Engineer: 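Below are the structure tokens for one structure; questions will follow.
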Amino acid sequence: MSLQLYNTLTRSKERFEPIDPTNVRMYACGPTVYSFIHIGNGRMLVVFDLLFRVLRRTYGTGHVTYARNITDVDDKINARAAEEGVSIAEVTERTTQQFHADAAGLVCLPPTIEPRATGHIEEMKALCETLVSKGHAYVADGHVLFDVPSMRDYGRLSNRSVEEMEAGARVDVAPYKRSPMDFVLWKPSKPGVPAWPSPCGIAEAGRPGWHIECSAMAGKHLGKVFDIHGGGIDLVFPHHENELAQSRCAHGTHVMANVWMHNGFLEAAEGEKMSKSLGNFITVRELLDQTPGEAGRLALLSSHYRQPLPWSERLVQDSRRTLDLWYELAADADDDGEIAPDVLEALEDDLNTPKAIAALHALRAEAAKGNATAKASLKASAQFMGFLQSSFDEWRAWRPAGVAIDEAAVHALIIARLQARKRKDFKESDRIRDELAAMGIQLKDAKNKDTGEIETTWEVKR
RNA sequence: GGCCACGUGGCGGAGUGGUUACGCAGCGGAUUGCAAAUCCGUGGACAUCGGUUCGAACCCGGUCGUGGCCUCCA
């Protein structure tokens, strides 16, 4: 089976045909760096990371270009810097580093290119000039505005007409706009916020509007038309709609990207969207403090990427336990296993991760019965999806942040308990077990297959 | 108000015209000094009302419910 992807533009699943198989190009809208990313952002990272992996496997590691931008010019960043009394650069630098740590924690490969908005101001200005010269933008009151009525099929991606949008508009229309839906490409700066010399003959300094940076970066690094553009479903309108409008009108192309992919939301509770604006979010940092990153990744992939995902502590715990089982089985697996066809087939069907995970469960069951091929395949398949990245010992040694345990003392108690058990002093061995339990330590006894001896491992109670 | 999703067993979650995935929990068993962990087995569902069909959870229509976008948002 070949790769099928659901395309928001056509509202259907389509067979994926790259423009150039030797250079498959994908763009995903990365974060605006003003604070910790939350797990909804994490979902987007994980979903497009998985797609990146699938593409690399199909077309070759060196034949896929994944650009994921960092937006480091934004009013929220300015506000945050002012609030903390630090420089804007400090906020963006610190947040970017944190973002990288979070992405790595969720086992996301670094993208091929990670462009930053501040590094593409000239390209943005050039886009403004081009759009004005082509009659798709105009200058008014120190702003450069995109002229929405100048684009015939504006609204195609989000499937809405300009008339509908104008009718439903809930925002006051700025007086300098010719048409209510026109949006800002460039705007004047106020004192104390970043400013650059403006394009299009505007005398005063200014800064870019929200959407232009992605058009500039995607155009520069991936070309006028590329294969896949992705992001969260909330970006469909207005961000992607406006982004593709700018790019297409500037470049004179029929599409900006052939395939547009959007992941669904995380739900905090009761079907409620999780978002920064609602304040009901969990940061990736908090998640990674409480659970291994792979467990978070598995939880984020536990439902299909276009479906809403109800987030819960239980989901995370279940995911972690599933990984416990995979790790334990894969610990002595061969390294030359094949990725299971069932797993690949599921992933190629518009990233059907629940089905792929089910296939991993089936391999686990086979492997548990002693099937070495299944065991090796489980390992290879799980690793392909970004799991089983460390050794079983490393996995077991994971501890939640802020939990201090005297490992030597625990070890000594375990030895004492085993000795008590050997002399059948069960009262004493149970007492030690209770003592450890009171310390938050959960014991696991297992019989060594070769020696027949009881061996005890432990972990922090969950 | 406009546009768009979605309603599957206790929970999570695939599927999509005809063998009712899968995971967790539950239950039964194996194992254990007793537990935990592990292993094996197992019951249980397709919001509702109509229609199409030999046959519908799956297609069509109505109803009810939930959510999203239209404003910063993954």
Side-chain angles (χ1 to χ4, degrees), chain A residues 8 11 28-32 34 37-48 74-76 79 155 158-161 163-172 181 210 230-239 241 262-267 270-278 281 284 298-312 314-322 324-325 328-329 342 346 349 352-362 364-365 368-370 420-421 424-427 429-430 433-434 436-437 442-447 454 456-459 461:
Chain A
T8 305
R11 266 147 261 277
C29 289
T32 299
Y34 68 101
I37 59 166
H38 66 84
I39 51 178
N41 304 268
R43 187 182 198 189
M44 169 261 149
L45 290 173
V46 166
V47 164
F48 290 100
D74 184 272
D75 290 353
K76 289 191 289 292
S158 53
N159 191 34
R160 57 188 91 195
S161 70
E163 297 71 45
E164 277 168 9
M165 287 187 272
E166 288 179 359
R170 301 186 310 207
V171 207
D172 289 336
M181 295 313 294
W210 175 28
I233 193 154
D234 52 339
L235 295 184
V236 173
F237 190 90
H239 185 240
E241 193 72 73
H262 296 96
N263 63 274
F265 281 125
L266 258 68
E267 293 174 347
E270 301 288 318
E272 187 185 52
K273 169 190 172 184
M274 181 182 289
S275 75
K276 284 189 179 177
S277 50
L278 291 175
F281 63 96
V284 171
L298 183 59
L300 288 168
L301 294 175
S302 68
S303 76
H304 183 87
Y305 75 92
R306 283 190 280 116
Q307 296 298 123
L309 172 58
W311 192 258
S312 68
R314 185 175 167 181
L315 170 67
V316 179
Q317 291 304 329
D318 283 357
S319 302
R320 187 172 168 197
R321 285 184 50 77
T322 298
D324 284 339
L325 298 177
E328 193 169 349
L329 266 171
D342 287 357
D349 182 12
N352 192 334
T353 50
K355 212 171 178 181
I357 292 165
L360 293 177
H361 286 309
R364 185 199 65 80
K369 287 176 191 158
R421 289 193 51 176
K424 302 219 186 296
D425 183 355
F426 297 121
K427 200 177 166 190
S429 70
D430 287 353
R433 184 168 67 196
D434 291 345
L436 283 164
Q442 175 71 55
L443 300 181
K444 286 185 193 179
D445 292 335
K447 201 175 258 180
I454 298 290
T456 301
T457 55
W458 64 277
E459 65 174 35
K461 261 192 191 161

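All chains are named by letter (A, B, ...) in the order of the sequence lines, taking the proteins before the strands, and each is independently numbered beginning at 1. Source: prediction; values computed, not measured.
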Engineer: Compare all side-chain heavy atoms of A:Y305 with those of A:L300 and state whether any distance is below 4.5 angstrom.
Structural biologist: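 Heavy-atom side-chain distance check fails, nothing below 4.5 Å.
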Engineer: Taking atom P in both B:G41 and B:A25, compute the distance separating them and give it to the nearest angstrom.
Structural biologist: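 Each nucleotide's P atom is 16 Å from the other's.
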Engineer: Between A:H262 (NE2) and B:G68 (P), how many Å, whole number?
Structural biologist: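 Checked: the NE2 to P distance equals 18 Å.
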Engineer: So what's the dot-bracket for RNA chain B: Watson-Crick or G-U pairs under 3.5 Å, [ ] if a pair crosses, | if it pairs off-strand?
Structural biologist: (((((((..(((.....[...))).(((((.......)))))....(((((..]....))))))))))))....
Engineer: If you apply the rule side-chain hydrogen bond (donor to acceptor under 3.5 Å, both in side chains), what do you find for A:R433 with A:T456, and how did you get there?
Structural biologist: CA-CA 11 Å; A:R433 184 168 67 196; A:T456 301; over 6 Å; no
Engineer: Rounded to the nearest Å, what distance is computed from the CG atom of residue A:N41 to the C1' atom of nucleotide B:C72?
Structural biologist: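 Distance, rounded to whole Å: 13 Å.
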Engineer: Can you sort out the partners of A:K76 under salt bridge (charged side-chain N to carboxylate O under 4.0 Å, His left out), two or more places apart, ordered by chain and number?
Structural biologist: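 Applying salt bridge (charged side-chain N to carboxylate O under 4.0 Å, His left out) to A:K76 gives A:D74.
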Engineer: For the residue pair A:L315 and A:S319, establish whether any side-chain heavy-atom pair is separated by less than 4.5 Å.
Structural biologist: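 A:L315 reaches A:S319 side chain to side chain.
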Engineer: May I have the distance from A:I357 (atom CD1) to B:C24 (atom P), rounded to whole angstrom?
Structural biologist: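 Distance, rounded to whole Å: 13 Å.
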Engineer: Considering residues at least two apart in sequence or located in another chain, which fulfil the salt bridge (charged side-chain N to carboxylate O under 4.0 Å, His left out) criterion with A:R421?
Structural biologist: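 Once residues adjacent in sequence are excluded, the partners of A:R421 under the salt bridge (charged side-chain N to carboxylate O under 4.0 Å, His left out) criterion are A:D445.
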Engineer: In whole angstroms, how far is the P atom of B:G67 from the CG atom of A:N263?
Structural biologist: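 Distance, rounded to whole Å: 20 Å.
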Engineer: Does the protein touch nucleotides 33-38 of chain B at the base, only the backbone, or not at all? Give it as B, S and - per nucleotide, heavy atoms under 4.0 Å.
Structural biologist: BBBBSS
Engineer: Taking atom P of B:A74 as reference, at what distance in whole Å does atom CZ of A:F48 sit?
Structural biologist: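 Rounding to the nearest Å, CZ of A:F48 and P of B:A74 are 13 Å apart.
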Engineer: Compare side-chain N and O positions of A:N159 against OP1 and OP2 of B:C4 and report whether any pair is under 4.0 Å apart.
Structural biologist: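 It does, given that an N or O in the side chain of A:N159 lies less than 4.0 Å from OP1 or OP2 of B:C4.
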Engineer: Applying side chain to side chain donor-acceptor pair (under 3.5 Å), name anything that partners A:E459, two or more places apart in sequence or on another chain.
Structural biologist: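 Side chain to side chain donor-acceptor pair (under 3.5 Å) list for A:E459, sorted by chain: A:R462.
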Engineer: Whole angstroms only, please: what is the CD-P distance between A:E267 and B:C69?
Structural biologist: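 Atom CD in A:E267 sits about 12 Å away from atom P in B:C69.
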Engineer: Give me the distance, rounded to whole Å, that separates B:G9 from B:A14 when you measure between the P atoms they each carry.
Structural biologist: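 Between the two P atoms, the distance is 13 Å.
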Engineer: Residues in salt bridge (charged side-chain N to carboxylate O under 4.0 Å, His left out) with A:R321, at least two apart?
Structural biologist: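 Salt bridge (charged side-chain N to carboxylate O under 4.0 Å, His left out) list for A:R321, sorted by chain: empty.
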Engineer: Could you state the atom-to-atom distance from CE of A:M181 to C1' of B:C70 in whole Å?
Structural biologist: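 After rounding, the gap between these two atoms is 8 Å.
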Engineer: Using atom P in both nucleotides, what's the gap between B:U31 and B:C40 to the nearest angstrom?
Structural biologist: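 15 Å, rounded to whole Å.
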Engineer: Looking only at the side chain of A:F265 (C-beta and beyond, no hydrogens), which of the listed nucleotides B:A74, B:C72, B:C22 gets closest?
Structural biologist: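 From the listed options, B:A74 comes nearest.
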Engineer: Taking the same atom, P, in B:C46 and in B:A21, what whole-Å distance lies between them?
Structural biologist: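 Roughly 13 Å separates the two P atoms.
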Engineer: Under the side chain to side chain donor-acceptor pair (under 3.5 Å) rule, collect the residues that match up with A:N41, sequence neighbours excluded.
Structural biologist: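 Once residues adjacent in sequence are excluded, the partners of A:N41 under the side chain to side chain donor-acceptor pair (under 3.5 Å) criterion are A:H38.
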Engineer: When the distance from NE2 of A:H239 to P of B:A74 is rounded to whole Å, what number comes out?
Structural biologist: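 Atom-to-atom, A:H239 to B:A74, this comes out as 10 Å.
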Engineer: With a 4.5 Å limit on heavy-atom distance, are the side chains of A:N263 and A:F48 in contact?
Structural biologist: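 Side chain of A:N263 against side chain of A:F48, heavy atoms only: contact under 4.5 Å found.
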Engineer: If the C1' atom of B:C49 is compared with that of B:G28, how far apart are they to the nearest Å?
Structural biologist: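 Rounded to whole Å, the distance is 40 Å.
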Engineer: State which residues pass side chain to side chain donor-acceptor pair (under 3.5 Å) with A:Q442; sequence neighbours excluded, sorted by chain then number.
Structural biologist: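 Result, side chain to side chain donor-acceptor pair (under 3.5 Å) vs A:Q442: none returned.
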Engineer: Name the residue closer to the 5' end of RNA chain B, choosing between A:I233 and A:A362 according to the nucleotide with the nearest heavy atom.
Structural biologist: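 Taking each residue's closest nucleotide, the earlier one in sequence belongs to A:A362.
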Engineer: Please classify the nucleic acid contact of A:G264 as base, sugar-phosphate, or nothing, using heavy-atom distances under 4.0 Å.
Structural biologist: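 Base, at least one base atom sits under 4.0 Å.
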Engineer: If you find the nucleotide of RNA chain B closest to A:I454 and the one closest to A:H361, which residue's nucleotide is nearer the 5' end?
Structural biologist: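 Between the two, 5'-proximity favours A:H361.
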Engineer: When you compare B:C11 with B:A45, how far apart are their C1' atoms, in angstrom units rounded to a whole number?
Structural biologist: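 Taking atom C1' in both B:C11 and B:A45, they lie 13 Å apart.
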Engineer: Among residues at least two apart in sequence or on other chains, which ones pass side chain to side chain donor-acceptor pair (under 3.5 Å) with A:R160?
Structural biologist: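 For A:R160 the side chain to side chain donor-acceptor pair (under 3.5 Å) partners, ignoring immediate neighbours, are A:S158.
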Engineer: Got a sec, which residues hit ring pair (Phe, Tyr, Trp, His ring centres under 6.0 Å) with A:H304, two or more places apart in sequence or on another chain?
Structural biologist: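 With sequence neighbours excluded, A:H304 shows a ring pair (Phe, Tyr, Trp, His ring centres under 6.0 Å) to no residue whatsoever.
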Engineer: One character per nucleotide, please: for nucleotides 10-16 of chain B, 5' to 3', B when the base has a protein heavy atom closer than 4.0 Å, S when only the sugar-phosphate does, - otherwise.
Structural biologist: BBSSSS-
Engineer: With sugar-phosphate meaning primed atoms plus P, OP1 and OP2, does A:G231 contact a base, only sugar-phosphate, or nothing at under 4.0 Å between heavy atoms?
Structural biologist: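 Sugar-phosphate, backbone atoms only, no base.
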Engineer: With sequence neighbours excluded, tell me which residues meet salt bridge (charged side-chain N to carboxylate O under 4.0 Å, His left out) with A:K369.
Structural biologist: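 A:E366.
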